[in-house]
Trainee: 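One structure, pasted below without further comment.
In what follows, chains are A, B, ... by sequence order, proteins preceding strands, each numbered from 1.
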Amino acid sequence: MALRFYNTLTQRIEEFTPAHDNVVRMYTCGPTVWNFAHIGNLRTFTFVDILRRWLHARGYQLDHVMNITDVDDRIIQQALAAGKSLDEFTEVYTAAFLEDSAALRLERPEHLVRATRHIQEMAAAIQKLSEKSYTYQSEGSIYFRIAKFPEYGKLSHADFSGIRAGARVDTDRYEKDNARDFALWKAPKEGEPSWDTVIGRGRPGWHIECSVMAMKYLGETLDIHAGGVDLTFPHHENEIAQSEALTGKPFSRFWLHCEHLILSGEVMSKSLGNFLTLRDLLGQGFHPEAVRFMLASVPYRKKLNFTMDSMRSAEQAVERLRNFKLRLDTEKFSEGVNESLLESTRQALSRFDEALDDDLNTAEALAAAFELVREANSAMDAGEFHAANTQPANEFLARFDTVFDVLRPTGKETGIGDAEIEALIAERNQARQSKNFARSDEIRGQLHGLGVILEDTKEGTRWKRR
RNA sequence: GGCGCGGUAGCCAAGUGGUAAGGCAGAGGUCUGCAAAACCUUUAUUCGGGGGUUCGAUUCCCCCCCGCGCCUCCA
């Protein structure tokens with residue numbers, strides 16, 4: 001079956017192909033750089049990465065824009081409190097975000113764009129919306145009038161026609177005609193950053209940046225727009241309203257939303273104070289690949305229940321896969337081929353592909369991988385894994401790793417080179433021969449301290465870094 | 001109240017109208033100088049509860065219970 005995704009817009013699973021040629025035009029909402037990203041944020045970015053990689057594996061080229069929101073209320077507030085300029089302040093967290101992304105092996109989008117570098121374009125877009133009478137001014141700010149956009153609500157599937165301010169909507173705070181109207185442009189305030197533009201001095205509202213930057217780099221209709229579920233409303237709904245009011249064309253054909261990461265029964269969030277950063281986990285000794293595995297292993301439309309156990313579990317699971325790879329690379333297999341295993345390998349591959357085609361079912365894809373690992377291990381144990389089975393197995397792992405990318409350990413400065421390790425192992429084996437177990441255990445312990453783990457097998461000692 | 005998601009073994013978690021994937025942990029075993037590491041085997045008569053449809057439901061329908069999210073800044 002073909003590649004298909006659940007589209008929030010239609011609430012259905014739909015077959016996906018790009019609208020034009022072979023290029024997928026995709027926009028995903030990136031971080032607001034006012035703090036470190038927590039692993040809930042990173043889950044969404046990992047989902048985007050898996051999406052990218054799978055589209056790529058399926059033969060598509062990518063033209064992907066991710067924004068960095070570097071101006072909004074929280075940022076301004078924090079920067080002010082820190083006594084820093086907006087740029088000085090956001091630079092720190094932008095760099096941190098890029099570091100985290102690199103640690104998690106998230107592919108870099110073709111365009112990583114910053115809101116503050118597109119202020120004039122936003123102003124121009126707002127001006128155009130005003131010319132089309134989609135806006136009104138109030139106390140120096142400019143609002144989008146949703147009553148002018150009848151399709152408002154089509155993404156979140158809510159009916160906003162019977163307009164009534166909800167009990168929890170603070171109607172006093174803004175001078176708005178309708179509680180759901182949203183700010184396109186905010187009046188300048190003393191001590192806050194603002195820009196001079198064709199529509200006057202001020203700063204942009206949150207939603208306009210995505211519409212403007214998406215269309216600037218990708219055109220009026222995107223193939224895919226993705227982000228976290230909590231952005232569905234109002235952010236993405238507002239993006240649709242603005243963009244489609246502007247162009248009269250559908251803003252995006254597909255809308256994909258990643259579910260939340262849950263910690264102790266609640267959504268991980270800064271405001272609840274129950275958040276963990278990647279740095280926290282790495283500080284506890286977890287490997288970045290294990291974090292990546294943990295985040296990728298639960299299909300994106302399911303809530304991910306985070307526990308320290310799930311972290312340890314991920315760590316072990318990655319190790320199991322690597323051990324298999326190590327065996328494949330180091331053991332000597334007799335000539336010939338195990339036909340039945342060859343067939344299993346083929347089946348594992350098609351099961352893997354089919355799973356990811358099915359709205360990125362990563363759990364199912366992993367099951368295909370682990371089942372093959374077990375079968376191949378059993379064959380190896382029984383001496384029924386033959387030389388000609390090596391390449392197909394390696395090809396499977398290569399396919400697996402183009403998406404999951406966890407097999408290669410993140411290089412650490414262990415302070416010991418391969419040759420040195422080999423030499424110590426040779427010395428240890430001599431010591432073992434002469435029953436000098438004190439010395440052999442000493443070497444084992446020494447290497448262990450350097451993150452090198454020895455495995456004594458029938459075929460001799462092999463080692464791996466951990 | 002509106003919209004949406006979910007409740008499957010100790011934990012995480014797939015899945016299908018035809019009799020429960022996978023990972024971790026646990027138990028047993030193989031290997032080993034001892035270990036470690038690794039590998040293998042094993043672990044839910046049962047899928048929140050109650051009805052219904054069906055030859056057959058965890059999977060479809062109805063009701064109920066529980067948890068969560070969005071509806072306000074939020075990945």
Trainee: Is the phosphate of B:A75, meaning OP1 or OP2, less than 4.0 Å from a side-chain N or O of A:T32?
Mentor: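 Checking B:A75 against A:T32, a side-chain N or O does come within under 4.0 Å of OP1 or OP2.
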Trainee: Measure from NZ on A:K325 to C1' on B:A37 and round the result to the nearest Å.
Mentor: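 Checked: the NZ to C1' distance equals 20 Å.
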Trainee: B:C24 pairs with which nucleotide, Watson-Crick or G-U wobble, both distances below 3.5 Å?
Mentor: B:G10
Trainee: Between A:Y6 and A:R301, is there a cation-pi geometry (under 6.0 Å to ring centre, at most 45° from the normal)?
Mentor: yes
Trainee: Taking only N/O atoms, report every protein-nucleotides 26-33 of chain B pair under 3.5 Å with atom names and distance.
Mentor:
{"from": "B:G33", "atom 1": "O6", "to": "A:S440", "atom 2": "OG", "distance (Å)": "3.2"}
{"from": "B:G33", "atom 1": "N1", "to": "A:D441", "atom 2": "OD1", "distance (Å)": "3.2"}
{"from": "B:G33", "atom 1": "N2", "to": "A:D441", "atom 2": "OD2", "distance (Å)": "3.2"}

Trainee: Which residues satisfy the salt bridge (charged side-chain N to carboxylate O under 4.0 Å, His left out) test with A:K325, sequence neighbours excluded?
Mentor: A:D329
Trainee: Students often mix this up, so state it plainly: with edges at 30° and 60°, are the rings of A:H38 and A:F275 parallel, tilted or perpendicular?
Mentor: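 Rings of A:H38 and A:F275: tilted, 30 to 60°.
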Trainee: With under 30° as parallel and over 60° as perpendicular, where do the rings of A:F385 and A:F333 fit, or are they tilted in between?
Mentor: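 Plane angle between 30° and 60°, so tilted.
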Trainee: Could you identify the nucleotide paired to B:U30, looking across every strand shown and requiring Watson-Crick or G-U wobble geometry with both distances under 3.5 Å?
Mentor: B:A38
Trainee: Does the pair A:T232 and A:E237 meet the rule for a side-chain contact (heavy atoms from CB on, under 4.5 Å), with working shown?
Mentor: CA-CA 6 Å; A:T232 310; A:E237 195 72 70; 5.8 Å; no
Trainee: Would you kindly give the CG-to-C1' distance between A:N305 and B:U8, to the nearest whole Å?
Mentor: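 Answer to the nearest Å: 14 Å.
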Trainee: When you measure from the side-chain N and O atoms of A:N323 to the phosphate of B:A37, is any distance below 4.0 Å, counting only OP1 and OP2?
Mentor: no
Trainee: Could I get a table of every N or O pair under 3.5 Å where one atom is in the protein and the other is in nucleotides 57-61 of chain B?
Mentor:
none

Trainee: Is B:U43 paired to anything, Watson-Crick or G-U wobble with both distances less than 3.5 Å, and if yes, which nucleotide?
Mentor: none
Trainee: Which residue lies toward the 5' end of RNA chain B, A:R351 or A:V298, if each is placed at its nearest nucleotide?
Mentor: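 Residue closer to the 5' terminus by nearest nucleotide: A:V298.
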Trainee: Just how far, in rounded Å, is C1' of B:G6 from CG of A:L304?
Mentor: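 Nearest whole value for this atom pair: 14 Å.
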Trainee: Under 4.0 Å between a side-chain N or O of A:N377 and OP1 or OP2 of B:C40?
Mentor: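 So the side-chain polar atoms of A:N377 do come within 4.0 Å of the phosphate oxygens OP1 or OP2 of B:C40, strictly under.
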Trainee: Look at A:K186 together with A:E139 and state whether they make a salt bridge at an N to O cut-off of under 4.0 Å.
Mentor: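 Looking at A:K186 and A:E139, the cut-off is not met.
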Trainee: Could you tell me which nucleotide pairs with B:G69 by Watson-Crick or G-U wobble geometry, both distances under 3.5 Å, or answer none if nothing does?
Mentor: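 WC or wobble partner is B:C3.
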Trainee: Using whole Å, what does the distance between atom P of nucleotide B:C71 and atom CZ of A:F233 come to?
Mentor: 8 Å
Trainee: Would you indicate which nucleotide in B:A38, B:A75, B:C12 comes nearest to any side-chain atom of A:S310?
Mentor: B:C12
Trainee: For the residue pair A:H236 and A:H257, does the interplanar ring angle fall in the parallel (under 30°), tilted (30 to 60°) or perpendicular (over 60°) class?
Mentor: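 Because their plane-to-plane angle lies in the 30° to 60° range, the rings of A:H236 and A:H257 count as tilted.
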Trainee: Under 4.0 Å between a side-chain nitrogen and a carboxylate oxygen: does that hold for A:E110 and A:R52?
Mentor: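 Result for this pair is yes, salt bridge flagged.
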Trainee: Is there a Watson-Crick or G-U wobble partner for B:U19 with both distances under 3.5 Å, and if so, which one is it?
Mentor: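 By the stated definition (distances under 3.5 Å), nothing pairs with B:U19.
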Trainee: Is A:R374 near enough to B:A21 that one of its side-chain N or O atoms lies under 4.0 angstrom from OP1 or OP2?
Mentor: no
Trainee: Tell me which nucleotide among B:A75, B:G15, B:G23 gets nearest to the side chain of A:S313.
Mentor: B:G23
Trainee: Flag the pair A:E15 and A:R4 as a salt bridge only when some basic side-chain nitrogen lies within less than 4.0 angstrom of an acidic carboxylate oxygen.
Mentor: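 No, A:E15 and A:R4 are not salt-bridged.
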Trainee: Answer yes when A:R351 and A:E371 have at least one side-chain N-carboxylate O distance shorter than 4.0 Å, and no when they do not.
Mentor: yes
Trainee: Reading RNA chain B from 5' onward, which residue's closest nucleotide shows up sooner: A:L231 or A:A368?
Mentor: A:A368
Trainee: Which nucleotide wins on minimum distance to the side chain of A:Q316, given the candidates B:C24, B:C11, B:A14?
Mentor: B:C24
